[in-house]
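Atoms within each ligand, like the ligands themselves, are counted from 1 in listed order. Counting begins at 1 with the first residue of the sequence.
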Amino acid sequence: MKHVDIKKMLSDADMVGTDVVVCGWVRTFRDSAQVAFLELSDGSSFQKLQVVIDKNALTVDGEATKLGASVAVKGTVVKAYRGEGNELNAKEVLLLGSCPADYPIQKKRTTLDFLRTIPHLRLRTNTFQAVFRVRSVAAQAIHRYFHENGYYYINAPLITASDCEGAGEMFRVTTLPWNADFKSAEEYFKNDFFGVKAGLSVSGQLEGEVAATALGKIYTFGPSFRAENSNTKRHLAEFWHVEPEVAFAELPDVIEIAEDMLKYLVNAVLTECPEEMKFFDSFMEKGLLEKLSHVANAEFAVCTYTEAISILEKENARFEFPVHWGSDLQSEHEKFLTEQVFKRPVFVTNYPKEIKSFYMKQNADGKTVAATDLLVPGIGEIIGGSEREADLTKLQAAMRARGMDESAYKQYLDLRRFGTVPHGGFGLGFERFVMYCTGIENIRDVTLFPRSVKNIM
Ligand code: 4AD
Ligand code: MG
């Protein structure tokens with residue numbers, strides 16, 4: 001159907017005086033004696049189009065004025081009677097699809113909790129359209145940032161035989177039901193599709209390292225899967241993961257790249273989605289715009305894990321899980337550090353090796369690894385990264401200490417055998433970034449069809 005986007009029609013001064021066709025869904029209908037007003041959205045912009053119907057000249061099918069109905073309108077573009085931009089004087093209103101009164105998206109019933117039960121329709125609301133426009137702009141900005149900075153875009157496999165994070169959170173991939181005739185697990189896996197135990201990847205990092213130790217600077221941007229049995233507002237079983245990996249980079253370089261990238265992304269969202277961001281500032285998180293422009297300009301804080309623990313230990317009374325040196329930081333601790341202590345994004349560095357992954361570079365103190373998590377207000381951990389262990393012997397020792405099967409990581413170890421280099425990278429949880437930018441508090445509300453424990457609508 002030949003038509004113009006509402007976004008273009010609203011703002012293009014050259015269109016004034018011309019006849020166009022626009023298509024969209026009815027948002028509101030206001031009727032009076034002489035004129036009626038139909039407000040349409042086609043998803044292209046935050047602002048809706050006002051269609052003006054001169055009732056003396058045009059009779060409109062009642063079905064075409066109902067909330068949610070889809071219509072095509074032919075008319076003349078005129079300068080808006082009130083406010084900026086253009087509106088449309090209707091010549092013909094064509095009903096494309098009627099929308100009966102049991103349409104679930106009614107003005108009064110639009111709490112996020114309710115909308116989560118109708119994921120296929122919630123995108124028809126202002127909030128979700130704004131979230132998904134921001135999400136799209138952020139995704140484009142990620143590719144632009146890395147492309148402009150000389151990184152190559154790599155597609156890591158989603159099905160893998162090696163567990164990157166080693167936290168036992170892999171979904172199995174199999175075509176073979178277990179059957180008591182198999183004498184052992186080994187025999188069972190041998191008969192399965194890949195001939196070994198396979199699963200959905202929790203991270204593209206291990207393959208990213210393969211690419212970075214040849215191409216220099218790479219990034220992946222794709223789904224990661226975690227069978228985390230936690231029903232929190234910031235965990236999904238399937239999330240999108242941005243993972244740059246850089247050869248010849250040490251921990252301070254990793255931190256510098258993460259900060260630079262995050263600022264670039266925040267700026268892109270602020271510049272490209274002004275109306276959406278104004279909406280989120282008013283209705284989701286008061287002060288959001290101020291917070292984000294501060295993030296785009298201020299320097300992030302850096303503190304070691306050991307410093308963080310000594311700050312937190314003094315506050316142990318307020319925590320559900322009191323901390324001591326060696327404990328993993330929970331969401332409550334992360335939020336306290338970034339929201340109350342530093343009041344801005346903070347990189348926590350050099351965690352105890354026992355609570356971090358096998359691949360992280362072991363520090364000279366024998367106790368910590370060159371890891372960093374970036375914590376931000378409202379979310380907690382948004383980025384996790386590290387310098388990687390480049391020394392073959394030390395890496396093998398770390399794997400042995402964790403009871404890992406070295407033979408499954410031969411290729412990974414080869415990277416340390418043949419021309420090993422210092423290198424590092426990080427992972428940004430894309431949904432967490434979208435939450436951070438929009439002020440949306442539940443990760444399920446920035447994901448088209450969220451997958452989590454007992455939830456695959
Ligand atoms: O900290 P994580 O587990 O680190 C890694 O996977 C590394 N391999 C990354 C790297 O160095 N290349 O995950 C990285 C980020 C987290 O900081 C978080 O933002 C996000 O991924 N994330 C999740 N997001 C949503 N749901 C989940 N279940 C997530 N698990 C991690
Ligand atoms: Mg992490």
Students should be able to answer this: which protein heavy-atom is nearest to [atom], and at what distance?
atom                    : answer
atom 16 (C) of ligand 1 : Glu381 OE2, 3.2 Å
atom 29 (C) of ligand 1 : Phe239 CE2, 3.5 Å
atom 26 (N) of ligand 1 : Leu236 N, 2.9 Å
atom 19 (O) of ligand 1 : Ile382 O, 2.9 Å
atom 7 (C) of ligand 1  : Glu165 OE2, 3.2 Å
atom 3 (O) of ligand 1  : Arg226 NH1, 2.8 Å
atom 9 (C) of ligand 1  : Glu243 OE1, 3.3 Å
atom 15 (C) of ligand 1 : Gly427 O, 3.5 Å

Just jot down the ligand 1 atoms closer than 4.0 angstrom to any heavy atom of [X], in number order.
X      : value
Tyr359 : 7 (C), 8 (N)
Ser203 : 6 (O), 8 (N)
Gly384 : 1 (O), 9 (C), 10 (C), 11 (O), 17 (O)
Arg388 : 10 (C), 11 (O), 12 (N)
Gly429 : 15 (C), 19 (O), 20 (C), 21 (O)
Gly385 : 11 (O)

Q.
Can you list everything that forms a ring pair (Phe, Tyr, Trp, His ring centres under 6.0 Å) with Trp25? Sequence neighbours excluded, please.
A. none

Checking the N or O distance criterion of under 3.5 Å, is ligand 1 in contact with [X]?
X      : answer
Pro244 : no
Ser386 : no
Leu428 : no

Q. Looking at Thr438, Asp445, Thr127, Val131, which one forms a side-chain contact (heavy atoms from CB on, under 4.5 Å) with Met284?
A. Thr127

Q. Considering residues at least two apart in sequence or located in another chain, which fulfil the side-chain contact (heavy atoms from CB on, under 4.5 Å) criterion with Val266?
A. Leu270, Leu292, Val295, Ala296, Phe433

Q. Does Glu339 have any side-chain contact (heavy atoms from CB on, under 4.5 Å) partners at least two apart in sequence or in another chain, and if so, which?
A. Lys335, Pro377

Q. Without hydrogens or angle criteria, can the side chains of Thr174 and Asp192 be said to hold a donor-acceptor pair below 3.5 Å?
A. yes

Q.
Can a side-chain donor-acceptor contact be found between Tyr359 and Glu209 if the only test is distance below 3.5 angstrom?
A. no

Q) Would a line drawn from the ring center of Tyr219 to the ring center of Phe146 be shorter than 6.0 Å? A) yes

(Q) Using ring centroids (six-membered ring only for Trp), state whether Tyr409 and Phe358 fall under 6.0 Å. (A) yes

**Q.** Side chain, backbone, both or neither: the part of Ile443 lying under 4.0 Å from ligand 1 by heavy atom
**A.** side chain

Q. Which is it for Asp113 and Thr111 under the side-chain hydrogen bond (donor to acceptor under 3.5 Å, both in side chains) test, yes or no, and what are the steps along the way?
A. CA-CA 5 Å; Asp113 285 341; Thr111 67; 5.4 Å; no

Run the salt-bridge test on [X] and [Y] with the 4.0 Å N-O cut-off and return the result as yes or no.
X      : Y      : value
Asp414 : Arg417 : yes
Arg226 : Glu165 : no
Arg133 : Glu272 : no
Glu431 : Arg135 : yes
Glu334 : Arg432 : no
Lys197 : Asp163 : no

Q: Show all protein N/O/S atoms under 2.8 Å from the Mg ion (ligand 2), or state that there are none.
A: Glu381 OE2

Q | Proximal candidate to atom 28 (N) of ligand 1 [heavy atom criterion; set His241, Glu228, Arg234, Lys356] | A | Glu228

Q.
Over 60° means perpendicular and under 30° means parallel, so tell me whether Phe221 and Phe430 are parallel, tilted or perpendicular.
A. perpendicular

Q) Is ligand 1 less than 4.0 angstrom away from at least one heavy atom of Arg432? A) yes

